[in-house]
4 protein chains.
Amino acid sequence: MSVKRAKPGPRAEERRERLIAAGYRAMVRSGLEGARTRDIAAEAGITIATLHYYFPTKDDLVRAVLEHTIRQQMLAPLGLDTDWDDGLAALRTLVTGLMRHADAEPGHFRLLNEMIWASREDPALREMIAAWHTDWHATVAGWLRGGQEDGRVRADLDPEATATLIIYVVLGLVTRPPLPDGAEDRLGAELHRLLATVEE
Amino acid sequence: MSVKRAKPGPRAEERRERLIAAGYRAMVRSGLEGARTRDIAAEAGITIATLHYYFPTKDDLVRAVLEHTIRQQMLAPLGLDTDWDDGLAALRTLVTGLMRHADAEPGHFRLLNEMIWASREDPALREMIAAWHTDWHATVAGWLRGGQEDGRVRADLDPEATATLIIYVVLGLVTRPPLPDGAEDRLGAELHRLLATVEE
Amino acid sequence: MSVKRAKPGPRAEERRERLIAAGYRAMVRSGLEGARTRDIAAEAGITIATLHYYFPTKDDLVRAVLEHTIRQQMLAPLGLDTDWDDGLAALRTLVTGLMRHADAEPGHFRLLNEMIWASREDPALREMIAAWHTDWHATVAGWLRGGQEDGRVRADLDPEATATLIIYVVLGLVTRPPLPDGAEDRLGAELHRLLATVEE
Amino acid sequence: MSVKRAKPGPRAEERRERLIAAGYRAMVRSGLEGARTRDIAAEAGITIATLHYYFPTKDDLVRAVLEHTIRQQMLAPLGLDTDWDDGLAALRTLVTGLMRHADAEPGHFRLLNEMIWASREDPALREMIAAWHTDWHATVAGWLRGGQEDGRVRADLDPEATATLIIYVVLGLVTRPPLPDGAEDRLGAELHRLLATVEE
DNA sequence: CATGAATGAGTATTCATTCAT
DNA sequence: AATGAATGAATACTCATTCAT
């Protein structure tokens, strides 16, 4: 077992965390490109030079922020870590929760959106996002399959394809472009109607 | 009839168009913020000073580019200006067309995506995007209603809410995040299955 | 009698005047360098190109504005065109009037100040300012000599040198730098005391 | 004793001084607005980016230059830091010295003049200039009072008001507008005659 | 580990001036 | 006599990154 780098001390680890948290906040505030390394360093209580000691380039910091974001900001707030025995209810909760979250924290979703686009030119980002989406896709497909077993979800649906479709809905949903009033409110119910068995 | 103040000559109109086209290309290539006025001017064959003669600020150019994009790049390429008598077929064509387009021209959709986010802080952009989405929403809802009259689309659906949902699918779709292979291909069929009457 | 240039039509003459007036206002507002030819032209109701037809360079316009300023703005507002038979009273009125004017229209004096400095590198400006100061100097010296003949002004003063000194006071006065309160109010009286014969 | 955050090293202090000196020279040469940050940086042997590291904006540099100017360029060159026991002689020396200085270094006084005008819109400048004028006013008033005690200056003068008047003379004097020849030379003597007791 | 100092390469924007028509 | 179109040359300011200490 070769050890390339001495284990970072506890002090260093804490600084890293502080930098990532500050970076996340700054990027939520000002966007991926708009966030300034100087501000991030200041918010973490250190100088830019020190920031670059921990993260040689801004892209390195961005990667760490994405990792942190997926790990800390995506599961619990959306109920994705709960065990659901009603797949349809889970989906509806997800959609409703996301709509609320997107309104309350648009910067959070702008950041994720920017990272998805940025991932096209950064393999490290791409890998993280792919893993995240794959997880998510599997979760949703699982909900659907569970629903089909319970007879609550239409049996003729392809769970994989429908899960993909739902992920697209979610991705589009957080953009929340200006749309005619009213239709949005009925979105959760409509999705339910599309997926549920007729009898229900 | 004497004209004291001559209207912009044909030369100026052409240069405006050339600038907008160059701006569109540069923004597709490098993004909204990444596009440099210098490059745009050079690509249009003029100096930066002349660019600023036509568009005092970069934001003014961005607005003109969005207008151009909505008008020239969104309708024909997606078949939105065709008369469809089968709403379901129209939708399927739209989704398939968008997927192809999103793969062929990701920069185009990145630009639209950036403009949607930017519109949150620019009333002029917001208005254009709202008008565009409203049109689009009405078109899709119309397709759905037509399908319901023909008995091809499930009668229990709310055309407004479903149209909103489809727009979200489309918005998410063009982001095209990395997803497990295969599921995407069946997306058009799946959407069809969700919406169509069972008999069909 | 040779005629070098055809007499300008009445229309042209009026535009020239309008441009000069607009130039004066803009320079009072924003200073000599701060005034923009574009704004001046717009304020005169014409385009920049036309402004340059009348005044090939900005410096040409500045010269015309100085001429206009000396002619229209310096005599009447300060009572310099009145016939005074009490030189001392005239001086006191001048100083009081200038202080009021400098407070009410600081931009006017900033402009004159800038022009005096600019005149070091522009012979045409220098000539106009020299003529203006010479006139003014002669007027003040005349007041002093008149006062000496009346026995109201100290006979031992050199009217020329004292006039120079008074002009310096005036030039400094319009700058109105921040000074301890109070002393300024007594300035007119003090000047009087310095110049007047003891008996008075 | 460990020092966690090192104070600016001697290197930085020297560069600051060099920048201020270069700024002063450039502003004397080309005026406040005319001085270019590029040239100043080049003259100090650094890049523009480094200039902005020390002085975030040009205005910050201007303030530092004014401070330097008042401290380094106004006292010694004019004999204001000498102890005089003859106030009248001090005044005469001041006036003569200023006239010489104004002829030798017109740019220096143009700069001060511009700063006085600029101080109307910059509180930091205003405060420095007010402090400087207050000092100066107190010095001159002190000279006058001393002269009155010695019986050399007319007892009926108000030292405060006369000091104000003298400052105005000085401010106007450094402008040195074109005036009829000769009168200027007698200015020092004339001022003396105005202020001195008749007997002297 | 940490930082003060320094910078290369931009960046959008400005403005008096010109010229073909 | 007038102007729409065009521009050269600048201008202050920015920001991620580097490096000696």
Side-chain angles (χ1 to χ4, degrees), chain A residues 6 8-9 11-12 15 33-41 46-61, chain B residues 3-9 11-16 33-41 45-61, chain C residues 6 8-9 11-12 15 33-41 46-61, chain D residues 3-9 11-16 33-41 45-61:
Chain A
R11 169 77 172 280
R15 288 220 154 156
E33 298 201 347
R36 303 303 169 204
T37 52
R38 257 193 163 71
D39 299 340
I40 295 171
I46 57 174
T47 66
I48 333 155
T50 308
L51 181 151
H52 275 92
Y53 174 79
Y54 288 98
F55 300 99
T57 71
K58 190 180 176 180
D59 282 350
D60 291 323
L61 177 59
Chain B
V3 178
K4 270 192 181 170
R5 181 162 295 217
K7 272 178 293 186
R11 175 78 171 281
E13 198 52 45
E14 188 218 323
R15 258 181 161 40
R16 247 189 88 89
E33 298 200 347
R36 303 306 169 197
T37 53
R38 249 181 178 57
D39 300 341
I40 295 171
I46 57 175
T47 65
I48 323 169
T50 306
L51 184 153
H52 278 94
Y53 174 74
Y54 286 96
F55 300 100
T57 72
K58 189 179 172 181
D59 281 352
D60 290 323
L61 178 58
Chain C
R11 170 78 171 279
R15 288 220 153 155
E33 298 200 347
R36 302 303 168 205
T37 52
R38 256 193 163 71
D39 299 340
I40 294 171
I46 58 176
T47 65
I48 334 155
T50 308
L51 181 152
H52 276 92
Y53 174 78
Y54 287 97
F55 299 100
T57 72
K58 190 179 176 181
D59 282 351
D60 290 323
L61 177 59
Chain D
V3 179
K4 270 193 182 170
R5 182 161 294 217
K7 270 178 296 187
R11 175 78 172 281
E13 197 52 45
E14 189 218 323
R15 256 174 158 47
R16 248 189 88 90
E33 298 200 347
R36 305 303 169 198
T37 52
R38 251 183 179 54
D39 300 341
I40 295 172
I46 57 175
T47 65
I48 323 171
T50 306
L51 182 152
H52 279 95
Y53 174 73
Y54 286 96
F55 300 100
T57 71
K58 189 178 172 182
D59 281 353
D60 290 323
L61 177 58

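To find a chain, count down the sequence lines: A is the first, B the second, and so on, and within it residues start at 1.
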Can you measure from CZ (Phe55(D)) to NE2 (His52(D)) and round to the nearest 0.5 angstrom? 11.0 Å
Approximate separation, where rounding is to 0.5 Å, of Arg16(B) CZ and Leu61(B) CG: 9.0 Å
Quickly work out the [X] [atom1] to [N] [atom2] distance and round it to whole Å.
X	N	atom1	atom2	result
Leu61(A)	dC15(F)	CG	C1'	15 Å
Ile40(B)	dT11(E)	CD1	P	12 Å
Ile46(D)	dA6(E)	CD1	P	7 Å
Tyr53(C)	dG4(F)	OH	P	16 Å
Leu51(C)	dA1(F)	CG	C1'	14 Å

Nucleotide of dT7(F), dA6(E), dG4(F) approaching Thr47(B) most closely (side-chain heavy atoms): dT7(F)
Does the protein touch nucleotides 14-21 of chain E at the base, only the backbone, or not at all? Give it as B, S and - per nucleotide, heavy atoms under 4.0 Å. BBBBBB--
Mind listing the closest non-hydrogen atom pair of Arg36(A) and Glu33(A) along with its distance? NH1-O, 3.1 Å
Just jot down the salt bridge (charged side-chain N to carboxylate O under 4.0 Å, His left out) partners of Asp59(B), sequence neighbours excluded, or say none. none
Secondary-structure stems, DNA chain E, at least 3 Watson-Crick or G-U base pairs under 3.5 Å: E:2-21 with F:2-21
Once side-chain contact (heavy atoms from CB on, under 4.5 Å) is applied, do any residues pair with [X], and if so which ones, sequence neighbours excluded?
X	answer
Arg38(D)	Ile48(D)
Thr50(D)	Ile46(D), Thr47(D), Tyr54(D)
Tyr53(D)	none

